[in-house]
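Following: one structure in structure tokens, then a few remarks.
Reckoned from all heavy atoms, side chains included, excluding hydrogens, waters and symmetry mates.
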Amino acid sequence: MLVGGLLASLGMVAASFCRSIIQLYLTTGVLTGLGLALNFQPSLIMLNRYFDKRRPMANGLAAAGSPVFLCALSPLGQLLQDHYGWRGGFLILGGLLLNCCVCAALMRPLEASLAGAGPGPQRPARRLLDLSVFRDRGFVIYAAAASIMVLGLFVPPVFVVSYAKDLGVPDTRAAFLLTVLGFVDIFARPAAGFVTGLPKVRPYSVYLFSFAMFFNGFTDLTGSTASDYGGLVVFCIFFGISYGMVGALQFEVLMAIVGTHKFSSAIGLVLLLEAIAVLIGPPSGGRLLDATQVYQYVFILAGTEVLAASLVLLLGNFFCIGKGPAGATKEEECRKPPSDARDGVGSGEVEHFLKAEPEGKGEVAHTPETSV
């Protein structure tokens, strides 16, 4: 994370000296993108190692940091542009990104507290990339749904400001739409994390995540009917709620599906697939807009993609993984440490292990969510 903070800052500072769009691609795109990736993934892994019982709430609160800056970015960018120009703006943003190094200094590993637990649980994590997660049907379904989802998830925030300008809204008011979206998102993410952490709701986190995607896709479809600034404000409010739910739940659900032992490899592979999809989603929306000159079609395409993702996750989880909220599956055996001799663990037993102390031989008990 320290290296990532330095790379992200260096990319923004270098962008302030660029003289072509290709150079901007290489600096803000490749260099800053790599730096932010080195910050994002380790922070999620550490978060899920710090928390267990209150992990959904922790994920929701941590995810709320993103919309805070999204809420401030639009007016901040306009302010930097007016006072310092785009070069000065990149330079100042590069300085702000150095704070990632400060955050990284607070990420302390838990080796001391786990020293007496034995080497058993840590051995699977020594592998940098565990491709065995693809043998888990739950992971494959989640990865497919997440890849389809991001094809359309980020399209509305990219085009909503231009959509408002196309309707004749002044630039300042149009940029304010992102502030509205981010402000609602700030409260939606912790709220979604709190609800997911409730004992009666947490076993159904996969279905709640599927509903969040369905809500987001439906919001995109209704947003395509907006014909004035007020309609776009209403769209941004509901999009912020659904977007916040998705942001708070997506990695909590992944942890619930694959468990702690394979989470680092699983999240890396999922983010890789999502990154490929992101390279396709917004550009395809731009191509559609160039061909039709109709923003409504872009929002309809995005909504259809997110709705399809929700159905893939819902039906895949219901038919291919298990109909119960926490029914054990064959994949559960694949997620256990090699020394684990317990087979066919039922949901009742898993709940018992959650409440019990860590088992003998240094093995950590699985939580009920790992048998989705």
Side-chain angles (χ1 to χ4, degrees), residues 1-18 20-51 55 58-59 61-70 72-73 76-77 80 86-115 121-131 133 146 150 154 247 250-252 254-255 258 260-279:
M1 289 185 67
L2 287 167
V3 174
L6 293 174
L7 289 178
S9 175
L10 179 62
M12 284 295 187
V13 172
S16 65
F17 298 97
C18 290
S20 69
I21 189 67
I22 299 299
Q23 293 174 347
L24 285 174
Y25 287 153
L26 295 176
T27 53
T28 62
V30 176
L31 196 58
T32 299
L34 176 60
L36 294 178
L38 291 175
N39 271 270
F40 185 62
Q41 184 173 343
S43 66
L44 290 173
I45 294 173
M46 292 300 293
L47 182 71
N48 285 278
R49 290 183 178 178
Y50 285 150
F51 297 94
R55 191 178 65 232
N59 275 317
L61 288 172
S66 176
V68 168
F69 200 78
L70 175 63
L73 183 60
L76 176 63
L80 295 178
W86 67 270
R87 293 185 185 276
F90 273 127
L91 191 63
I92 294 174
L93 289 176
L96 290 176
L97 284 175
L98 282 175
N99 287 285
C100 293
C101 298
V102 180
C103 298
L106 302 175
M107 293 288 184
R108 302 300 300 274
L110 304 178
E111 298 296 337
S113 61
L114 295 177
Q122 283 74 37
R123 285 177 181 173
R126 297 298 180 185
R127 300 177 63 179
L128 295 179
L129 189 61
D130 189 358
L131 297 179
V133 293
V150 297
F154 303 115
Q250 57 177 336
F251 299 116
E252 167 63 24
L254 179 61
M255 167 67 81
V258 302
T260 57
H261 297 291
K262 296 183 179 180
F263 179 72
S264 59
S265 295
I267 193 174
L269 294 169
V270 166
L271 290 176
L272 173 62
L273 295 174
E274 288 186 350
I276 296 173
V278 168
L279 291 176

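By the 4.5 Å heavy-atom criterion applied to side chains, L80 and F90 are not counted as neighbours. Contact of the M46 side chain with the Q41 side chain is not registered, since no non-hydrogen atoms from C-beta on lie closer than 4.5 Å. Two residues are said to be in side-chain contact when any heavy atoms from C-beta on lie closer than 4.5 Å; L10 and T27 fail this criterion. Contact of the F263 side chain with the L254 side chain is registered, since non-hydrogen atoms from C-beta on lie closer than 4.5 Å. Within the 4.5 Å cutoff, the side chain of S43 has heavy atoms near those of the M107 side chain. By the 4.5 Å heavy-atom criterion applied to side chains, T32 and L7 are not counted as neighbours.
Counting all heavy atoms, side chain and backbone alike, V30 lies closest to L26 at CB-O, 3.3 Å. Taking both residues in full, the closest heavy atoms of M1 and A104 are given as CB-CB, 3.3 Å, listed atom of the first, atom of the second, then distance. Closest approach of L2 and A105 over heavy atoms only: CD2-N, 4.4 Å. Residues G94 and V13 share a closest heavy-atom pair of CA-CG2, 4.2 Å. Between G4 and L38, the shortest heavy-atom distance links the atoms CA-CB, 3.7 Å. For the pair A8 and L97, the tightest heavy-atom approach, listed with the atom from each and the gap, is O-CD1, 3.5 Å.
Between the side chain of R87 and the backbone N or O of C18, at least one donor-acceptor pair lies under 3.5 Å. A donor-acceptor contact shorter than 3.5 Å is absent between the side chain of S9 and the backbone of L98.
Distance check: L271 CG to L44 CG gives 7.5 Å after rounding to the nearest 0.5 Å. Atom CD of E252 and atom CZ of F51 lie 12.0 Å apart (nearest 0.5 Å). Put simply, CD on Q250 and CD1 on I267 are 8.5 Å apart, with the number rounded to the nearest 0.5 Å.
Heavy-atom contacts from other residues, nucleotides or ligands closer than 6.0 Å to CZ of F17 number 12 or fewer.
Contacts of F40 classified as ring-ring contact (aromatic ring centres under 6.0 Å, His included), with partners at least two apart in sequence or in another chain: F251.
For the side chain to side chain contact (heavy atoms under 4.5 Å, CB included) criterion with N39, the lone passing option out of C100, C101, C103 is C100.
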Requested in this report: Could you please spell out the steps behind the side chain to side chain contact (heavy atoms under 4.5 Å, CB included) verdict for M12 and L91?
Outcome: CA-CA 6 Å; M12 284 295 187; L91 191 63; over 6 Å; no
